Structure formats: C-alpha cells, structure tokens
There are 2 protein chains.
Amino acid sequence: MNATDILKLHNIKKTAGRLAIINALQESTCPLSENEIKELMLESYDRITFYRNIQTLTAVGIIHKIVVDNTLIRYGLNCCETVHEHSAHRNTHAHFYCEQCHSVVCLQEVKIPEFCLPEGFISADSDIIIKGKCEKCNH
Amino acid sequence: MNATDILKLHNIKKTAGRLAIINALQESTCPLSENEIKELMLESYDRITFYRNIQTLTAVGIIHKIVVDNTLIRYGLNCCETVHEHSAHRNTHAHFYCEQCHSVVCLQEVKIPEFCLPEGFISADSDIIIKGKCEKCNH
DNA sequence: ATATATTTGCAACATTGTTTCATTTGAAAA
DNA sequence: TTTTCAAATGAAACAATGTTGCAAATATAT
C-alpha cells in the first residue's frame, strides 16, 4: 500500500513530511532511527515537524516507536493487515536489538504473551525487547 | 544489607554520592526517577557524578535501569540474593508501569521467559515492560 | 602517613524534545 | 474553480538530558 493511501485510510492529511517518513520506512526492511529517516527524507526533513508527525503517525497506528534504550530509538511501519490491532494501541510482537550491528528487527513470529500479574494489576499493553546477536552477525 | 557493605561486596569505592543513591533507593519500595533520587540525596547530588555513578552501579549489578519510554526512566536496587544473576547482566523479572500514577513496580514474580527466536538469533537479555493500571489505582 | 589510581565537580558542549505563534497548506464545500 | 477553515508547518526560543576533558579531591592499599 502506498503512503498516500495509508494516510487516507487513517483520515489524516497528506503532507510532504508524512509521506517522506512513510516512504523512508517502506524502503527499509527494519525499523529506523530518526537520523536514518532524516537521511532518506532529504530536504523535507524538519526536526520539529518530524517529532510532531511521529507523534501523529504513532497515535493513529501507522507506525510504532521502539525504545531499546533512552538514547536508542527506532520507528517501524505497521503492517496494513494489523492496522486495527495497532489503532487499539496494543503491541503485537516482540522486538530484537542486535548488540553487535545495532539493528532492530520486528519479530512478527514472537507474539506478546498474556502475563500472569499479581492481584489488582491490569495490563493494557506490553513492550518486549530481546537483546543479543542477530542472524546476520552470527556469521 | 547496608550501602557500605553493598559497595564493598562489589569492590567499588565507597563515596558519598554512591552511598546516597543506594540509601535513596533503599528508602523506597519501588524504582525511582533521577529527580526522585535527587530529592532524597539533598546536597550530595551532582548531575554529572550522578550519571557516572548510575553507570558504575549498573555495570557492577547493584542497580538496574528501567526504560519505560525515552523520557521516563527509573532506577531500581537489585536484591542481594540475586546479585550473581545481575552481575551477569541478565534481567530476571518484568516491570510494570502504571499509566495512571506513573509508578514503576518490579514484578519479581513475573519471570522473563525464554523466547523462541527465529533461526540464527541468539538472546543475551530481555526487557519486559507491562503497562496498565496498578493495584493502588484500581481503587 | 604516604602513594596512587579512582572519583569528583566544574565548564563547556552536544543531543533530544517541547512550546508558542504567525504563516502556509490540504481538503471539503460553495 | 474558487473560497473557506481547521490542521499542519517551520522558525525562534527554551528546557531537559546526556557527554567529555581536565584539574582537584579522596578512598583505599601499602
């Protein structure tokens, strides 16, 4: 699905900045950092607008933010098939962070389980970050 | 165990800043933010030294850092019994973040499972953050 | 008590994220 | 097509967060 249609589907305005972010993420097989997206956006990148668009795109469920560490953040495009799940703001899968090449991979196969919580606690969403060595780095 | 002994056990120097951080965390039942620790440290707080000590204390396994979001970080004291596990830098339990009162709770009972990863991926450590409403906020 | 490696605290800087507000623009209606 | 208006942009200014170099101070072992 192209960027224009994705925006239309979520009822938010089609703007240069948003299209550029979505296109950048579509060009990649894995989630990207702000700087990586910035490189791909070329002249259409503006830092303030970027933050605001990331906010909006996350809020409507077009992308998701992966916080590996406070100084290590990635943004990933949601699959169109899972749009409805995401618009309910629930993570569906775990993320993998490779400590060697610093890439982040969406592990679509590794689903978020229901955790058994102590009495009184109610879960709305969970983040799972698995750290280690990715397939490419395991020679 | 008191702060002095904890430092000695891990073979790092006993300094005012480190003792103050450990004491602050021992006064609390749950992990604290930098500002919360700062309040408890009083005049012995220095921002740069704080960051460096957090680094050191984390590296030797006295405390652990919980990154709920890039702008929402907590530091928790490790239990002495689990010191050996922690010095191997492996998380043992999941963390809960209450979206209402913004507190973080160590869910000692909720152990980190072994995730079934795709071919080629090797896990060294995992972070699990469960978000929702804590017992206190569920009236 | 002394020696020495570690730690501290300051200055200065770099990065990251937010708010306000005037201007521009997308998209719907006339 | 032109008009209209809420939404989005981008600049300035700020706030918070995190890092590095370096001289002075200090914890521990001898």
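Since the model is a prediction, treat every value here as computed from it, not as a measurement. Side chains are part of it too, since the values below use all heavy atoms of this structure and drop only hydrogens, waters and symmetry mates.
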I'd like a table of atom pairs between the protein and nucleotides 16-18 of chain D - only N or O on both sides, under 3.5 Å - with the distance next to each one.
from	atom 1	to	atom 2	distance (Å)
D/dG18	OP1	A/N70	ND2	2.2
D/dG18	OP2	B/Y51	OH	2.9
D/dG18	N7	B/R47	NH1	2.9
D/dG18	N7	B/R47	NH2	3.4
D/dG18	O6	B/R47	NH2	2.9

With distance as the sole criterion, do the side chain of A/R52 and the base of D/dG10 form a donor-acceptor contact below 3.5 Å?
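Flag set: donor-acceptor pair detected.
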Assign A/K13 to base, sugar-phosphate, or nothing according to its heavy-atom contacts below 4.0 angstrom with the strands shown.
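A/K13: base contact, heavy atoms under 4.0 Å.
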Between atom [atom1] in [X] and atom [atom2] in [N], what is the gap in whole Å?
X     : N      : atom1 : atom2 : answer
B/L19 : D/dT26 : CG    : P     : 15 Å
B/N53 : D/dT19 : CG    : P     : 14 Å
A/D5  : C/dA27 : CG    : P     : 12 Å
A/I48 : C/dC21 : CD1   : P     : 15 Å
B/I12 : C/dT6  : CD1   : P     : 13 Å
A/F50 : D/dA8  : CZ    : P     : 17 Å
A/Q55 : D/dA8  : CD    : C1'   : 14 Å
B/K14 : C/dT8  : NZ    : C1'   : 17 Å

Backbone of [Y] reached by a side-chain donor or acceptor of [X] within 3.5 Å:
X     : Y     : value
B/Q26 : B/M1  : yes
A/R18 : A/L57 : no
A/D69 : A/L72 : no

Do [X] and [Y] come close enough that some side-chain heavy atom pair is under 4.5 Å?
X      : Y      : result
A/C79  : A/Q108 : yes
B/K131 : A/S126 : no
B/Y51  : B/E34  : yes

Would you please classify the geometry between the A/H64 ring and the A/H93 ring as parallel, tilted or perpendicular, with 30° and 60° separating the classes?
perpendicular
Side-chain N,O (B/N11) to OP1/OP2 (D/dT28) below 4.0 Å
no
C/dT7, OP1 or OP2 - any side-chain N/O from B/T49 closer than 4.0 Å?
no
Looking only at the side chain of B/T15 (C-beta and beyond, no hydrogens), which of the listed nucleotides D/dA11, D/dT9, C/dT7 gets closest?
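Between D/dA11, D/dT9, C/dT7, the one nearest the side chain of B/T15 would be C/dT7.
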